[in-house]
Amino acid sequence: MAPMINSAPMTTLLINSIYRATEGEGIHIGIPQIFVRFQGCHVGCVNCDSKETWDFDPSMTKNLDEVMEEVETLSQDIIKRVSITGGDPLHPSHIPSLIELIRELKKRNYYINIEAAGTRIVKDVFDMVDFISFDIKTPSTEVRTSQELLLRFLVDFGAKAQVKAVVSDKKDFEMVYDAFHYVKRSAGPGVPWCLTPCYEPEEKFPMLRFQNIVKMNEDFGLPFRVIGQQHKWLF
């Protein structure tokens, strides 16, 4: 009888797209990165600008070697930063393959940012990455980020994180302001907080909304950085 050969199963990932671009929002705006966008999300923000990434579509499966080949081709060994986004890369069904991807990227000396939806803390992932962009879900999204979850995140990972919120109106702004002061008492003021004025798909540049949010920030004592979504102007 021929000896049995033990072979590990190939790691597969649900991937919407892999592309090179400059970061379009948050404190790393303007820095060239390779974006790995996962396919599949159950968060359900009503004002999401990438609803095409929601479906857990098995036809969008790639193996880890294919993903890394695309990343390396786009990198050309010059751009050594990868931003993992979605969809929701932190959905429980993605975690095993996400961890394998991060391990392989770290072997090849990539700086790794992950976009976190603000609905869960995944310690195994957050320990491995270099930076975490943690969303607060505002009332206009119709999704809630609990202040208790945000506080736990900042206590454990605030040293390598930013907090971001998409803000549409004064109700959104006030919710983020309340969260800021809730966690400031316990987690300290060190982490950068970024407000992104809502910019809907196919909408003309919302100049008045930007101006109103900048003015709110001034009126409330300038606790936040107001940073637009540059990628929507460029691409």
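- Under the side-chain hydrogen bond (donor to acceptor under 3.5 Å, both in side chains) criterion, Asn217 pairs with no residue, sequence neighbours left out.
- Scanning for side chain to side chain contact (heavy atoms under 4.5 Å, CB included) contacts around Glu66 gives Lys62, Asn63, with sequence neighbours left out.
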Taking only distance into account, with no hydrogens and no angle test, what donor-acceptor pairs under 3.5 Å do side-chain atoms of residues 149-169 form with protein atoms, sequence neighbours excluded?
unit_1: Lys160; atom_1: NZ; unit_2: Phe126; atom_2: O; d: 2.6
unit_1: Lys160; atom_1: NZ; unit_2: Asp127; atom_2: O; d: 3.4
unit_1: Lys160; atom_1: NZ; unit_2: Val129; atom_2: O; d: 2.7
unit_1: Gln162; atom_1: OE1; unit_2: Ile27; atom_2: N; d: 2.9
unit_1: Gln162; atom_1: NE2; unit_2: Ser133; atom_2: OG; d: 2.9
unit_1: Lys164; atom_1: NZ; unit_2: Glu25; atom_2: OE2; d: 2.7
unit_1: Lys164; atom_1: NZ; unit_2: Glu115; atom_2: OE1; d: 3.2
unit_1: Asp169; atom_1: OD1; unit_2: Lys171; atom_2: N; d: 3.3
unit_1: Asp169; atom_1: OD1; unit_2: Asp172; atom_2: N; d: 3.0

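- With hydrophobic clusters built from ILVMFWY side chains whose heavy atoms lie under 4.5 angstrom apart, Leu98 shares a cluster with Ile34.
- Taking both residues in full, the closest heavy atoms of Tyr199 and Lys204 are given as CE2-O, 4.0 Å, listed atom of the first, atom of the second, then distance.
- Counting heavy atoms from C-beta on, the side chains of Val36 and Val82 come closer than 4.5 Å.
- In plain terms, the two heavy atoms of Ile29 and Gly228 that are nearest each other are CD1-O, 3.9 Å.
- At least one donor-acceptor pair under 3.5 Å links the side chain of Gln39 to the backbone N or O of Glu52.
- Note that CD1 of Ile31 and NE2 of His28 are 5.0 Å apart. Values are rounded to the nearest 0.5 Å.
- The side chain to side chain contact (heavy atoms under 4.5 Å, CB included) search around Glu142 returns Val46, not counting sequence neighbours.
- Separating the CE atom in Met216 from the CG atom in Leu195 is a distance of 10.0 Å, to the nearest 0.5 Å.
- Side-chain heavy-atom separations under 4.5 angstrom define the hydrophobic clusters, and the remaining members of the one that includes Tyr19 are Phe35.
- No side-chain heavy atom of Lys106 sits less than 4.5 Å from a side-chain heavy atom of Met128.
- Leu13 has its side chain out of reach of His94: every pair of non-hydrogen atoms, C-beta onward, lies at least 4.5 Å apart.
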Legend entry - Test log, rule side-chain contact (heavy atoms from CB on, under 4.5 Å), inputs Ile112 and Ile84: CA-CA 7 Å; Ile112 304 168; Ile84 300 172; 3.8 Å; yes
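- The two residues Pro223 and Phe180 come nearest to each other via the heavy atoms CB-CE2, 3.7 Å.
- Cluster note: Phe56 groups with Leu14 through ILVMFWY side-chain heavy atoms spaced under 4.5 Å, whether in direct contact or through intervening members.
- Screening residues 82-102 for salt bridge (charged side-chain N to carboxylate O under 4.0 Å, His left out) gives Asp88-Arg120, Glu100-Arg103 as the qualifying pairs, with residues at least two apart or on separate chains.
- Ile18 and Met60 are not part of a single hydrophobic cluster, where members link through side-chain heavy atoms under 4.5 Å apart.
- The distance from the CD1 atom of Ile227 to the CD atom of Glu23 is 10.0 Å, given to the nearest 0.5 Å.
- Partners of Thr141 under the side chain to side chain contact (heavy atoms under 4.5 Å, CB included) rule, at least two apart in sequence or in another chain, are Cys45, Asn47, Lys137, Thr138, Val143.
- One hydrophobic cluster holds both Ile15 and Val71 under the rule that ILVMFWY side chains link at heavy-atom gaps under 4.5 Å.
- A donor-acceptor contact under 3.5 angstrom links the side chains of Ser83 and Asn113, judged on distance only.
- Of all heavy-atom pairs between Phe38 and Pro89, the closest is CD1-CB, 3.9 Å.
- Smallest separation of non-hydrogen atoms from Ala117 and Thr145: O-OG1, 4.4 Å.
- By the side chain to side chain contact (heavy atoms under 4.5 Å, CB included) test, Arg108 pairs with Met68, Glu72, Glu104, Tyr110, sequence neighbours left out.
- Using a 4.5 Å cut-off on side-chain heavy atoms (C-beta onward), Val176 and Phe220 make no contact.
- Remark: Asp77 engages no residue in a side-chain hydrogen bond (donor to acceptor under 3.5 Å, both in side chains) (not counting sequence neighbours).
- Listed by chain and number, the residues in a side-chain hydrogen bond (donor to acceptor under 3.5 Å, both in side chains) with Asp65 amount to none (sequence neighbours excluded).
- The SG atom of Cys41 sits 11.5 Å away from the CG atom of Asn16 when rounded to the nearest 0.5 Å.
- Looking at Arg20, its side chain does come within 3.5 Å of a backbone N or O of Leu74 through a donor-acceptor pair.
- Taking CD1 of Ile136 as the reference point, atom CG of Asp178 lies at 10.5 Å (rounded to 0.5 Å).
- Taking the side-chain hydrogen bond (donor to acceptor under 3.5 Å, both in side chains) definition, one finds that Ser93 meets it with His91, sequence neighbours left out.
- Leu90 is listed as a side-chain neighbour of Val125, based on a closest heavy-atom distance under 4.5 Å.
- Annotation: side chain of Val122 is in contact with side chain of Ile95 (closest heavy-atom distance under 4.5 Å).
- Between the Thr53 side chain and the Gly87 main chain, a donor and an acceptor come within less than 3.5 Å of each other.
- The main-chain N or O of Tyr111 is never found under 3.5 Å from a side-chain atom of Arg81 such that the two would form a donor-acceptor pair.
- Taking CZ of Arg144 as the start and CE of Met175 as the end, the distance is 7.5 Å to the nearest 0.5 Å.
- Counted within 6.0 Å of NZ on Lys51, heavy atoms from surrounding residues, nucleotides or ligands total more than 12; the atom is thus considered enclosed.
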